[in-house]
Every structure is written in structure tokens, then in C-alpha cells.
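Here is how names work: the chains are called A, B, and so on, in the same order as the sequence lines, proteins then strands, and each is numbered from 1. As the structure is a prediction and not an experimental result, all values here were calculated from the model.
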There are 2 protein chains.
Amino acid sequence: MTTTATSKREQVLAAAEVVFARKGFDGATMREVAEAAGVGLSLVVYHFTTKEGLYQSIFEARQYVNDDRLARLREVTDPQAPDALDRLVSAFVDPVLDLHDDPADVWFARLVLREASDPSSQDRAIISGLFDPMAREFVAALERILPDRPPGYHAWAYLFAVGALTQSSFDARIDNIAGPDAAGGKREHLRRFLTAALRHS
Amino acid sequence: MTTTATSKREQVLAAAEVVFARKGFDGATMREVAEAAGVGLSLVVYHFTTKEGLYQSIFEARQYVNDDRLARLREVTDPQAPDALDRLVSAFVDPVLDLHDDPADVWFARLVLREASDPSSQDRAIISGLFDPMAREFVAALERILPDRPPGYHAWAYLFAVGALTQSSFDARIDNIAGPDAAGGKREHLRRFLTAALRHS
DNA sequence: CTCACTACTGTACGTACGTACAGTCGGCTC
DNA sequence: GAGCCGACTGTACGTACGTACAGTAGTGAG
């Protein structure tokens, strides 16, 4: 049965998303992934050879999210349009926040955001290979939409936006800082926060 | 010589800051810390007993940074003052960015920011014990300065600000996204970005 | 002089990790 | 029906990790 084959491989990928998101690359173990996927340890090695191979495969399988962000960004053809900035922000945050809606996808969102704020991720070349090209395109679009900013502004503003988006996946900490029931409205708050920051700074 | 004793303990703490900031809690090893400190492995165990003990000791030794942020925040006594928001933002970012000026301190800054964006940090109770109380005070001040915001706004805005501050320590990525020489002006960019975001969202 | 105490060292133990590898099984081709 | 190939399994190997522990040197008190 070929379907079982591919399904087991995907089982492992899905389980690996959860484990890596929870524990980080170094904190997670191959055995943990295997157990979470309900397969033997050697099957994980069979499909992905090494721990890094497994890790990279996750991001390759999810590359459509960044493709989506870029596609939405490229639809903003007129930098002078009054809604150009809003659409850029939407292209940046919505494909990611959409992941938060599905319990099966939210762990990948957390994994991405963890990787984006991990200095040792440089060793793994995932950010530089899969995210930086997209980042450069967003920065270039920012420069077109907001030409009257000092040099260096746009790249930093993009990174600050990445940071804000990063924290948006930590619903748990909101409960510790505010009371409960404060976790709602995240998407709107983030969109307004970023649009205001970019338009007025 | 008692000075040698304390100095060796502090050597270990300083080396541990660098190693943990670079590799993360799980990626770092006790032997690596010992070697970086120029001491034997058993001395690290002698002073801090466990890896977690060493980790927590770093944050306790640096708690003055958060004390500083809180002290500056409490100086903002009039929430209606026109510069109240600017001073809150300054209290939030400046003590951290000051660390970036001294090569001996910058690694702790990176370590803090890594811990703040690590979901598995919940196990270590550093964020919830040392950072969340400060966070709640910042959120309360935000509520006083900006009373006309929807419920839940202030806590999320605080977290988004944490995220932006987090990314500010990744100078390396700026070089990949923008050209070189773009890394300057970080402090001013961040302050303006956050002030604009809070005032206009 | 002795005792106690603190700082520090060398070595070793048990464990858990990533990875390798020989082998099994079912379906497909010719 | 022989041979092959991809999917999958069980087991084992070498290593590197966190931690424990016995021991040494120096110092200050009585």
C-alpha cells in the first residue's frame, strides 16, 4: 500500500513539527519524534537520514506559507495606493496567523517563529535560505511604499515586525501578564500595531 | 585567596552567558562552559550543582537590568504628561540596549531575548518569575497612559514590543537582509517604531 | 599544632543520544 | 515464479552528556 508509506512519512513530519516546536532543535530527540508519530526510531532515520534532514524537511514541506506571503505581497503593484501599506502588513501576518486557526498547523507556526528568533539557527541555513529572500522582497516593497525614511530604517522595521509576529504565538504568556480572556483579538491587534508603527515612525 | 575564588565563579558565569546565548539551554554543555571559562568541569558543578542552577544564577546575577527598567518606569508618575509614552518606551528599551554597548554584556542581552522567545522556557520558570512581574507593571502603566484602547490591547502591545526588542539583537541578520552598514541607528529606529506603534494603534 | 572549612581538581559512572546496518515483507515487472 | 525495489523493523555501537564523589591545598580560628 503506497498510501500507508506516504502517510507514515507525513505522520513523522507532523509529529516532528510538534516536538521541535516544543523543545527546540537541540532539546528534541529522534526517539521522541518517533514515539509521537507512533513509529519506530529507525523509520525516522530511513526517511530523513539525520536529525537535520528531518528538520529541514519540515520547512521544505511548509514552504507554501512563504510562497503565499510573497504572492500576496506581489499583488500590491501600486506603492502609492492608500491601502498599499495595509496590504503589505496583511500579506506579512495573515498567512502565518491563518496557521493558528488549525490545531494541526499551529505547531509549525510556533516552530517557524522559534527558528526566527534562535541565534544558533544560522548553522542550519533555514532562515538564510528560505526566509531571507522573502525578507529582502518585503524590505524592498517597504522602501517603495515609504520612500521618505532614513537609510537602514526599512530593514530594521521589517525585523521588528518579525519580532512582534513571533510573540503573537505565545498565547500562554498573555494569560500570565493580563488576566484570562485577554488572548482574543490577537490578529486585529497585531495588524493595527504593525500598520501604525510603519506608517508613523 | 578569596578574590580568586569569587573571580573564578564569575568567570564561569560570564562564560556561561556566552555559551548559553549562542547555543541555547539544551544546545550548550557544561564542558563547553567550563572550557570557555578556563576551569575544570567539576568546578562548574561545585559552584552551581546543576546545569539549571547555573542557568538560573546568570539571570539572578543580572536582575539589576530589570530593576533598572522598573525604576525608570516608576519615575513616570503622570500618565497624562505628553512625554509619558516616550519615557515608558525608553524605560523599556534603553536598559537592554545599553547592554549592547559593552561587549562583555551583549551576550547576556542576547540570552535574555532568546529566553523570552523560547516556548520551552516555561519549564525553567525564569520568565514567569523574573520577567512577568515587570511585564504586568508595564502593562498597567500602558493602561493608564492609553486608557482609550480596547480590552486586551495593552498586554498584546507589550508582547509585540518584547518581540521587536528581541529581534534588535540580531545584527547578523540585518546584514543578510539589507546591505552592510545598515546596522547603525538601531536604538533610534526601535524607539521610534515602538512609540509610533503604541501611540497610533 | 590541629581542626574545620572553603575552593578546587581528576576521574569515573550511568544514561541517553544520533546513527548504522542487517534483515523482513509485500507488491511489481518481465 | 524469480528477481527487484521501496517501505519498514530490531538491534546494536560509539560517543558525549550531566552528575557524583573522593581527594588536595590553602587559610583562618582555637
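Proximity of A:H47 to the phosphate of D:dC8: a side-chain N or O atom is located under 4.0 Å from OP1 or OP2. Phosphate contact (OP1/OP2 of D:dT9, side-chain N/O of A:K8, threshold under 4.0 Å): present.
Checking C:dA12, C:dT19, D:dT9 against the side-chain heavy atoms of B:R31 singles out C:dA12 as nearest. In this structure, the nucleotide among C:dT6, D:dT9, C:dT19 sitting nearest to the side chain of B:Y46 is C:dT6. When the nucleotides D:dT19, C:dT9, D:dG10 are ranked by their closest atom to the side chain of A:S42, D:dG10 comes out on top. Which of D:dT19, C:dT9, C:dT19 sits closest to the side chain of A:L41 comes down to C:dT19.
Looking at B:E32 and B:K23, a side-chain N of the basic residue comes within less than 4.0 Å of a carboxylate O on the acidic one, giving a salt bridge. With salt bridges taken as basic N to acidic carboxylate O contacts below 4.0 Å, none links A:R87 and A:D78. With respect to B:R191 and B:E188, a salt bridge is recorded, a charged nitrogen being found less than 4.0 Å from a carboxylate O.
Taking atom CG of B:L43 as the reference point, atom C1' of D:dC21 lies 15 Å away to the nearest angstrom. Look at CG on B:D26: it is 15 Å from C1' on C:dG18, rounded to the nearest Å. For the pair B:E35 CD and D:dA16 P, the computed distance is 13 Å after rounding to whole Å. Taking atom CD of residue B:E32 and atom P of nucleotide D:dG18, one finds them 9 Å apart after rounding to whole Å. What separates CZ of A:F48 from C1' of C:dG18 is a distance of 16 Å, to the nearest Å. One interatomic measurement links the two molecules: CZ of A:R9 to P of D:dT9, which rounds to 15 Å at whole-angstrom precision. For the pair B:M30 CE and C:dT9 P, the interatomic distance rounds to 14 Å; values are reported in whole Å. Atoms CD (A:E52) and P (C:dC17) sit 18 Å apart, rounded to a whole Å.
A pairwise comparison of heavy atoms in A:D101 and A:R187 identifies OD2-NH2, 3.3 Å as the closest pair.
B:A34 comes within 4.0 angstrom of no nucleic acid atom, judged by non-hydrogen atoms across all strands. Residue contacts for A:T29: at a heavy-atom cut-off of 4.0 Å it reaches the sugar-phosphate backbone alone, with no base atom in range.
Atom CD of B:E35 has 12 or fewer heavy atoms from other residues, nucleotides or ligands within 6.0 Å.
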